[in-house]
K.L.:
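Here's a structure for you.
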Amino acid sequence: MVKHMEGNHIKIQSVENGLILENVHDFNAKHIFECGQCFRWKRSADGSYTGVAYGKVINVKSDEENNSVRLLNTNIEEFNQIWFEYFDLGRDYGKIKKKLSEDSVLNTAIKYGEGIRILKQDPWEMLISYIMSANNRIPMIARSISLLSEMYGQPINYKGETFYAFPTAEELSKAQLCDIEKCKAGFRCKYIFKAIEMVQDGTIDLDYIKTIDIESARQELMKIPGVGIKVADCIMLFSMQKYGSYPVDVWIKRVTEHFYLHEDVPMKAIHVFAKDKFGDMAGFAQEYLFYYAREMKIGSSKGENK
DNA sequence: TTGCAGGGGTCAA
DNA sequence: TTGACCCCTGCA
């Protein structure tokens, strides 16, 4: 079977309990799963990653030498239905990188995270996950999501281990605030509780928000408590294909100031800069810069580049 | 050993 | 514009 990407084509081969994708360019599992866009993928000793998305568990291993990717615990139907889009395989990242590389900073940044792809994740899951991210650390966020899924999500068995799907709004609507608090998300629990209610009663319609322009979508998302500019931008970039979004967290603020603005500026100035400089490709630029900043510890008090 | 700052921001004053 | 905020880790 052959599946078309923009300007290229992927060859798909069925193997025992999975698929081998060949002729896949710009796909590095470490870069994809560790660039900060997702919380539910865990690395194994063999360099593969196992995770839960859209109610399925799969194992992913990329081989950059041979431009191939191995997916385990799936099949062609599921690949066509879920994973082709999830991994954004219809997009030519080579073209994006070429364009962004005209900028010398990005030219360097891209060398570090050359295999990044922006996953098309579920808006509901991103909403709750990024509410949890406020003033929090990645391992803590991952733990809270995991606890919430264990309490309210559907169990999925894979190789003798039980994984849990991210719970739907309906499944979570059965929870009281004191139940949500068991996921140890602290002061964010009350925001999550309210977000569940707003989505469940239709005050917030994520499907609709996905269809409207980026500015309106941001305003709409920010009606949810616990959702500010940064969280709204993450939701839009990681689950609504709004690639002009440039989520500004501490790392992005540091790296933008360090390389481009050369001084401490207000948050608003960073957004204006990104829109001018990167336009509708700002989201891709953000991911390369984020990965680079973290790898190099740029601007951090512990970094060598301060 | 205990204590305290601070973290993928947001909210309220 | 500035602190407080849950929970937890790292570092005196």
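Letters go in sequence order (proteins before strands), and every chain restarts at 1.
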K.L.:
What's the CZ-P distance between F193(A) and dC11(B), to the nearest Å?
P.N.:
18 Å

K.L.:
For the pair K182(A) and D179(A), evaluate salt bridge (Lys or Arg N to Asp or Glu O under 4.0 Å) and give the outcome as yes or no after the intermediate values.
P.N.:
CA-CA 5 Å; K182(A) 289 176 189 153; D179(A) 299 321; 3.5 Å; yes

K.L.:
Would you kindly give the CZ-to-P distance between F187(A) and dC6(C), to the nearest whole Å?
P.N.:
7 Å

K.L.:
Does some side-chain heavy atom of I32(A) sit less than 4.5 Å from a side-chain heavy atom of W41(A)?
P.N.:
no

K.L.:
Rounding to an integer number of Å, can you tell me how far R254(A) CZ sits from dG9(B) C1'?
P.N.:
14 Å

K.L.:
How about N59(A) and R70(A): does a side-chain donor come under 3.5 Å of a side-chain acceptor?
P.N.:
yes

K.L.:
At under 4.0 Å between heavy atoms, what does P247(A) touch on the DNA or RNA strands: base, sugar-phosphate, or nothing?
P.N.:
nothing

K.L.:
Please give, in whole Å, the distance from dA4(C) P to K190(A) NZ?
P.N.:
15 Å

K.L.:
Does the ring of F290(A) lie flat against the base of dG8(B), closer than 5.5 Å centre to centre with planes under 30°?
P.N.:
yes

K.L.:
Which nucleotide, dT10(B), dC6(C), dG8(B), lies nearest any side-chain atom of A134(A)?
P.N.:
dT10(B)

K.L.:
Return yes if the base of dC8(C) and the side-chain atoms of N136(A) contain a donor-acceptor N/O pair under 3.5 Å, otherwise no.
P.N.:
no

K.L.:
If I take atom CE in residue M132(A) and atom C1' in nucleotide dC8(C), what distance separates them, rounded to the nearest angstrom?
P.N.:
15 Å

K.L.:
Expressed as a whole number of Å, how far does the P atom of dA13(B) sit from that of dC6(C)?
P.N.:
15 Å

K.L.:
So what does I229(A) touch, heavy atoms closer than 4.0 Å: a base, only the sugar-phosphate, or nothing?
P.N.:
sugar-phosphate

K.L.:
Taking the same atom, C1', in dC4(B) and in dA4(C), what whole-Å distance lies between them?
P.N.:
16 Å

K.L.:
Does R137(A) put a side-chain nitrogen or oxygen below 4.0 Å from OP1 or OP2 of dG10(C)?
P.N.:
no

K.L.:
As a quick check of understanding, evaluate ring-ring contact (aromatic ring centres under 6.0 Å, His included) for F273(A) and Y246(A), giving each step before the final call.
P.N.:
CA-CA 10 Å; F273(A) 162 81; Y246(A) 190 82; 7.2 Å; no

K.L.:
Just checking F238(A): base, sugar-phosphate only, or nothing, at a heavy-atom cut-off of under 4.0 Å?
P.N.:
nothing

K.L.:
Quickly work out the R218(A) CZ to dT10(B) P distance and round it to whole Å.
P.N.:
11 Å

K.L.:
With P as the reference atom in both, quote the distance from dT1(C) to dG8(B) in angstrom, rounded to an integer.
P.N.:
23 Å

K.L.:
Whole angstrom is fine here: how far is it from CG in L221(A) over to P in dT10(B)?
P.N.:
12 Å

K.L.:
So, Q286(A) side chain and P247(A) main chain: donor-acceptor pair closer than 3.5 Å or not?
P.N.:
yes

K.L.:
Select one nucleotide: of dC11(B), dG6(B), dC8(C), the one nearest the side-chain heavy atoms of Y191(A).
P.N.:
dC11(B)

K.L.:
Quick check: on DNA chain B, is the nucleotide nearest K230(A) upstream (toward 5') of the one nearest M140(A), or the reverse? Name the residue that is more 5'.
P.N.:
M140(A)

K.L.:
Rounded off to whole Å, could you give me the CD1-to-C1' distance for the I131(A) and dC11(B) pair?
P.N.:
13 Å

K.L.:
Between dC5(C), dG8(B), dC11(B), spot the one nearest the side chain of N135(A), thanks.
P.N.:
dC5(C)

K.L.:
For dT9(C), which nucleotide is its Watson-Crick or G-U wobble mate, given both distances must be under 3.5 Å?
P.N.:
dA5(B)

K.L.:
Quick test of your reading of the model: are K253(A) and D264(A) salt-bridged, counting only N-O distances below 4.0 Å?
P.N.:
yes

